[in-house]
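As the structure is a computational prediction, the values presented were derived from the model and not from experiment.
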Amino acid sequence: MTTDGRDDAAAPPAYIAGMTSLTDPRSFLYRDGALDPDAARRLSAEALAATDDGELYLQYLASESFGFDDGRLKTADFNTQSGFGLRGVSGETTAFAHANEISERAIRRAAETMRLLDPAKGAKSAPPTRTNRHLYGDADPLSLVPFAKKVELCQTIDALARAKDLRVSQVSVGLSGTWSVVEIVRPDGFVATDVRPLVRLNVSIVVEQNGRRESGMFGLGGRYLYDRLFEPATWQRAIDEALAQALVNLESVAAPAGETTVVCGPGWPGVLLHEAIGHGLEGDFNRKGSSAFSGRIGERVAAPGVTVVDDGSIADRRGSLSIDDEGTPTQCNTLIEDGILKGYMQDRLNARLMGVPATGNGRRESFAHAPMPRMTNTFMLGGKDDPAEILSRVKKGVYAKSFGGGQVDITSGKFVFTCTEAYMIENGRLGAPIKGATLIGDGPSVLTRVSGIGNDMALDEGIGICGKGGQSVPAGVGQPTLLIDRLTVGGTAA
């Protein structure tokens, strides 16, 4: 039984013969007669017979993107690709080979790489737990909406955004979607299949007044079909949010510099949490001792009340997966509970070497990449404080509503983040919007300075992309309103 409930033994004859059947997404993996499911099992078993662990990872991926700028369709891209990745693990050593051709001949050629591994000496790793849970539908979002309708949506957004305010000088609309079919075939006979949709809409608006230009951006998406993005309430909200941010920035003043109290808003500001501590809680960094959190399980690493989880099992979310890229079902993993470090995010390799269970965090960008421990949806749970009451505690500080780019050093946890929308706080109230503010600190210290946790926890809108080791994967973030007693703000005020 595959993880989405399909019984291989009951597969239609078209699969057994290696032919295509458009009624089942797996036909995109086993087409043209170059490979069939039985051959995939046999080849995986032969290639990985002497290894501790490993898998044959098959993938078909279709993607498209539309870029609408200055009232014109500037880009319209569509591409498909398919291929496999063959990975063998022996001890701490990994051998990996891939090709953009799914055929018995190509897999046999890749299997020669596995001969570089020393034969396994201990018991082989057990296969992942099976599951029939499916967090999203099988439908292909790309083919359900005609090309003309997608272009029309971009045109409509552009026209409405310009009509809302005479100060709008430029509108950019991005619409994109992917549809991926993956199958994990292990040497022990375990087979898991997942069909993954992903869509996204971005609206960017530039406003101009008295020679000054400022911008605002809003995006949303997730693992669902285009129909949600085409609902008028959805794309109109994207326009309103982007325009509001641009107009706020038009009135902004230079940000002050120095150490001050900072209040971070709910939702997307959780990207700071993702970067500042999330990567430091991934298993590989901790196994190698290169994280600021290495060897600290059971210790207090954050203020009381701070609970951080990684949960890849939330339906429709951008960072969610029914199974990870090794076949392990995703789950809710508590990383920090009431300030105490409870565990790390693990793929199969690091879990085995650290003597703990895999947590469903083995992820890869595509068939051309080996899996590693990665975040899914990482967020801080809400507390009991009223957000307005949190704000009232601050005599002078900065309220950070939205973030842009940032950098983090995994070993120390030090980070620098740019605010795309922020305000001064004066006597418990929001003051003037500020421009050019950057937040500077280190994740472990910031966690200990949290003195207020709002009851308004929110996840982001579904636009996150996480980079690590040269690989990018979709991810989710979130948090409630947070009061941080001291944080360095880099500003532009003279």
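- Counting all heavy atoms, side chain and backbone alike, Tyr344 lies closest to Phe293 at OH-O, 2.8 Å.
- Under a cutoff of 6.0 Å and an axis angle of 45°, Arg87 and Tyr57 do not form a cation-pi pair.
- With respect to Arg364 and Glu55, a salt bridge is recorded, a charged nitrogen being found less than 4.0 Å from a carboxylate O.
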What do the steps show when you test Asp311 against Phe379 for side-chain contact (heavy atoms from CB on, under 4.5 Å), and what is the final call? CA-CA 8 Å; Asp311 190 351; Phe379 52 95; 4.1 Å; yes
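- Here the OG atom belonging to Ser172 is positioned 6.5 Å from the CG atom belonging to Asp70, to the nearest 0.5 angstrom.
- Between the side chain of Arg200 and the backbone N or O of Gly177, no donor-acceptor pair lies under 3.5 Å.
- Taking CG of Leu349 as the start and CE of Met354 as the end, the distance is 11.0 Å to the nearest 0.5 Å.
- Taking a cutoff of 4.0 Å between a charged side-chain nitrogen and a carboxylate oxygen, Asp310 and Arg374 do not qualify as a salt bridge.
- Atoms CG and CH2, on Leu198 and Trp179 in that order, are 14.0 Å from each other to the nearest 0.5 Å.
- With 3.5 Å as the limit, one finds no donor-acceptor pair spanning the side chains of Arg296 and Ser291.
- For Glu214 and Arg167, the salt-bridge test fails: no basic side-chain N is under 4.0 Å from an acidic carboxylate O.
- Salt bridge Glu208/Arg213: present, at least one basic N to carboxylate O contact under 4.0 Å.
- Smallest separation of non-hydrogen atoms from Leu321 and Tyr136: CA-OH, 3.4 Å.
- No donor-acceptor pair under 3.5 Å is formed between the side chain of Arg352 and the backbone N or O of Asp53.
- Looking at Arg237 and Glu231, no side-chain N of the basic residue comes within less than 4.0 Å of a carboxylate O on the acidic one, giving no salt bridge.
- With respect to the salt-bridge test (charged N to carboxylate O, under 4.0 angstrom), the residues Glu426 and Lys395 do not qualify.
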Mind running side-chain hydrogen bond (donor to acceptor under 3.5 Å, both in side chains) on Ser180 and Gln59 for me, showing each step along the way? CA-CA 7 Å; Ser180 179; Gln59 182 180 29; 2.9 Å; yes
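- Checked for salt-bridge contact, Arg228 and Asp316 meet the test: a charged N lies under 4.0 Å from a carboxylate O.
- A distance of 11.0 Å separates CD1 in Ile157 from CD in Glu152, rounded to the nearest 0.5 Å.
- The pair Arg317-Asp460 counts as a salt bridge, with a side-chain nitrogen and a carboxylate oxygen less than 4.0 angstrom apart.
- Side-chain contact annotation: Ser252 with Asn249, donor-acceptor N/O pair under 3.5 Å absent.
- Under the 4.5 Å side-chain criterion, counting only non-hydrogen atoms from C-beta, Arg363 is in contact with Thr376.
- Distance alone, capped at 3.5 Å, places no donor-acceptor pair between the Lys150 side chain and the Tyr226 backbone.
- Atom CG in Asn79 sits 3.5 Å away from atom OG in Ser63 (nearest 0.5 Å).
- In this structure, Thr261 contributes its side chain and Gly397 its backbone to no donor-acceptor pair below 3.5 Å.
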Using residues 467-481 as the side-chain source, report each donor-acceptor pair under 3.5 Å to any protein atom, sequence neighbours left out, with the distance given to one decimal.
unit_1 : atom_1 : unit_2 : atom_2 : d
Lys468 : NZ     : Glu282 : OE1    : 2.9
Lys468 : NZ     : Asp284 : OD1    : 3.0
Lys468 : NZ     : Asp284 : OD2    : 3.0
Lys468 : NZ     : Pro373 : O      : 2.7
Gln471 : OE1    : Glu365 : N      : 2.8
Gln471 : NE2    : Ala370 : O      : 3.0
Gln479 : NE2    : Gly265 : O      : 3.1
Thr481 : OG1    : Asp456 : OD1    : 3.4
Thr481 : OG1    : Asp456 : OD2    : 2.7

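- Within a 6.0 Å radius of NZ in Lys149, other residues, nucleotides and ligands contribute 12 heavy atoms or fewer.
- A 4.5 Å side-chain heavy-atom check between Leu229 and Tyr224 finds at least one atom pair inside the cut-off.
- Across every non-hydrogen atom of Asp324 and Arg196, the tightest pair is O-NH2, 3.7 Å.
- Distance alone, capped at 3.5 Å, places no donor-acceptor pair between the Asn350 side chain and the Leu353 backbone.
- For Met375 against Cys466, the heavy-atom pair with the smallest separation is CE-SG, 4.5 Å.
- Between the side chain of Asp325 and the main chain of Pro371, no donor-acceptor pair closer than 3.5 Å is present.
- A heavy-atom distance below 4.5 Å is not found between the side chains of Thr260 and Arg486.
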Take Phe417 and Glu275 through the side-chain contact (heavy atoms from CB on, under 4.5 Å) test and state the conclusion after the steps. CA-CA 9 Å; Phe417 267 89; Glu275 295 290 359; 3.3 Å; yes
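- Checked by atom type and distance alone, the side chain of Thr75 pairs as donor or acceptor with a backbone atom of Gly67 at under 3.5 Å.
- In this structure the side chain of Met217 reaches within 4.5 angstrom of the side chain of Asn202, judged on heavy atoms.
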Stepwise side-chain contact (heavy atoms from CB on, under 4.5 Å) test for Leu447 and Ile336: CA-CA 10 Å; Leu447 288 180; Ile336 299 172; 3.9 Å; yes
Are Thr307 and Met380 close enough, and set up right, to give a side-chain contact (heavy atoms from CB on, under 4.5 Å), and what steps lead you there? CA-CA 6 Å; Thr307 296; Met380 184 185 297; 5.8 Å; no
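- Counting all heavy atoms, side chain and backbone alike, Ala276 lies closest to Val408 at CA-CG2, 4.1 Å.
- Between Asn333 and Gln331, some side-chain heavy-atom pair lies under the 4.5 Å cut-off.
- Taking 4.5 Å as the limit, every side-chain heavy atom of Val263 sits out of range of all side-chain heavy atoms of Ile484.
- Between Ile390 and Gly454, the shortest heavy-atom distance links the atoms CD1-N, 3.6 Å.
- Atoms CD1 and OG1, from Ile323 and Thr328 in turn, are 8.5 Å apart once rounded to the nearest 0.5 Å.
- Ring orientation note: the planes of Phe147 and Phe66 are tilted relative to one another, at an angle of 30° to 60°.
- Comment: Lys435 does not engage Glu421 in a salt bridge, judged by the lack of any side-chain N to carboxylate O separation of less than 4.0 angstrom.
- A donor-acceptor pair shorter than 3.5 Å can be found between the side chains of Ser402 and Thr420.
- Between the Lys342 side chain and the Ile297 main chain, no donor and acceptor come within less than 3.5 Å of each other.
- Considering only heavy atoms from C-beta on, Pro266 stays 4.5 Å or farther from Met457 through its side chain.
- Ring orientation note: the planes of Tyr423 and Tyr399 are tilted relative to one another, at an angle of 30° to 60°.
- Side-chain N or O atoms of Ser215 include none that pairs as donor or acceptor with a backbone N or O of Val206 at under 3.5 Å.
- Distance alone, capped at 3.5 Å, places no donor-acceptor pair between the Arg318 side chain and the Ile465 backbone.
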Can you check side-chain hydrogen bond (donor to acceptor under 3.5 Å, both in side chains) on Thr193 and Glu183, steps first, answer last? CA-CA 4 Å; Thr193 306; Glu183 186 149 287; 2.4 Å; yes
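- Taking a 6.0 Å sphere around CZ of Arg429, one finds it holds 12 or fewer heavy atoms contributed by other residues, nucleotides or ligands.
- Contact annotation: the side chain of Arg393 approaches that of Leu483 to within less than 4.5 Å [non-hydrogen atoms, C-beta and beyond].
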